[in-house]
Amino acid sequence: MEIYVLRHGTTDWNRTHRLQGWTDRPLDEEGVRLAREVGEAWKDLTFDRCYSSPLKRAWDTARYALGERDLPIIPDDRIKEMHFGEWEGMNGMKRGSTNEEVAQALRFDLQNYRTPPGGESIEELLGRTTEFLKELLSDPENEDRRILVSTHGGAGRALMHAVWGGDDFWHGRIPPNCSVCIIYAEQGRITGWEQDVIFYQEEVKDYYAQ
């Protein structure tokens, strides 16, 4: 089994460092370009199943990445982005921003991260994404399948956290837009992974650079 965990393409809120969460922002022009380039790079790959967050930026990324394949996209709320509640829309993802305390806790000090009003805790995010991954791994019909999972930066890292564990939630960095983590598994057990593989031609700007 191969599971391709794809982060969505860029949006206007990525470029302005805003917390998106469940806010349903569409891909911007660059995001569409990146997703299409991924689709072109994958044109000779066979995908047997595709799951996506129902949020438009992830759904459309899956659609462009699949290209001309006649493969239905299956929505799953468990791979939606982390819900930031009242913090959604905040310019809080870069040092020096008006909500630097939020950014610092989210990016560098999750042990002291406080759940925003109306939002979701790290534990809740880990719970739903891990449940989704375990379901994929435990289904014997998936044994020889290549599965595409179109999701988000935080949700994708939460899903991968079930693979690599440890204390570093981000595993070194927030994943670049339209980068892919690949999970390899046999008989329901993970045998290996690749992190943040880039399938497009040009390196995307790191909107979260310090």
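Just so we're clear, the structure is a prediction, and the values are computed from it rather than from any experiment.
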For [X] and [Y], work out which heavy atoms get closest and say how close.
X      : Y      : value
Cys178 : Leu34  : SG-CB, 3.8 Å
His8   : Asn177 : O-ND2, 3.1 Å
Leu55  : Gly21  : CD1-O, 3.5 Å
Arg7   : Pro176 : CD-O, 3.7 Å
Leu125 : Thr129 : O-OG1, 2.9 Å
Phe84  : Pro116 : O-CG, 3.1 Å

Should [X] and [Y] be counted in the same cluster of Ile, Leu, Val, Met, Phe, Trp and Tyr side chains packed under 4.5 Å apart?
X      : Y      : result
Ile73  : Leu71  : yes
Ile174 : Leu126 : yes
Ile190 : Ile147 : yes
Ile3   : Ile74  : yes
Trp22  : Trp87  : no

With Glu29 via side-chain contact (heavy atoms from CB on, under 4.5 Å) - residues at least two apart: none
Would you say the side-chain atoms of [X] pair up with the backbone N or O of [Y], donor to acceptor, closer than 3.5 Å?
X      : Y      : answer
Glu37  : Tyr200 : no
Arg145 : Met1   : no
Thr61  : Gly9   : yes
Gln195 : His171 : yes

Qualifying residue, where the test is side-chain contact (heavy atoms from CB on, under 4.5 Å) with Leu159 and the options are Thr151, Leu136, Thr130, Ile183: Ile183
Side chain to side chain donor-acceptor pair (under 3.5 Å) partners of Arg69, counting only residues at least two apart: none
Measure the spacing between [atom1] of [X] and [atom2] of [Y] and express it to the nearest 0.5 Å.
X      : Y     : atom1 : atom2 : result
Leu66  : Lys43 : CG    : NZ    : 16.0 Å
Asp28  : Arg33 : CG    : CZ    : 10.0 Å
Arg146 : Cys50 : CZ    : SG    : 13.5 Å

Between [Y] and [X], is the closest basic N to carboxylate O distance under 4.0 Å?
X      : Y      : result
Glu135 : Arg78  : yes
Asp12  : Arg15  : no
Arg157 : Asp196 : yes
Glu88  : Arg18  : no
Glu131 : Arg128 : no

Other residues, nucleotides, ligands: >12 heavy atoms within 6.0 Å of Glu143 CD: yes
With sequence neighbours excluded, residues passing ring-ring contact (aromatic ring centres under 6.0 Å, His included) with Tyr4: Trp42, Phe47
Stepwise side-chain hydrogen bond (donor to acceptor under 3.5 Å, both in side chains) check, Glu194 with Tyr184: CA-CA 9 Å; Glu194 297 180 61; Tyr184 302 97; 2.4 Å; yes
Polar side chain donor-acceptor pair, Thr11 to Gln20, under 3.5 angstrom: yes
Contact check, side chains of Trp59 and Ser150, non-hydrogen atoms, under 4.5 Å: no
Heavy-atom side-chain proximity of Met82 to Glu124 below 4.5 angstrom: no
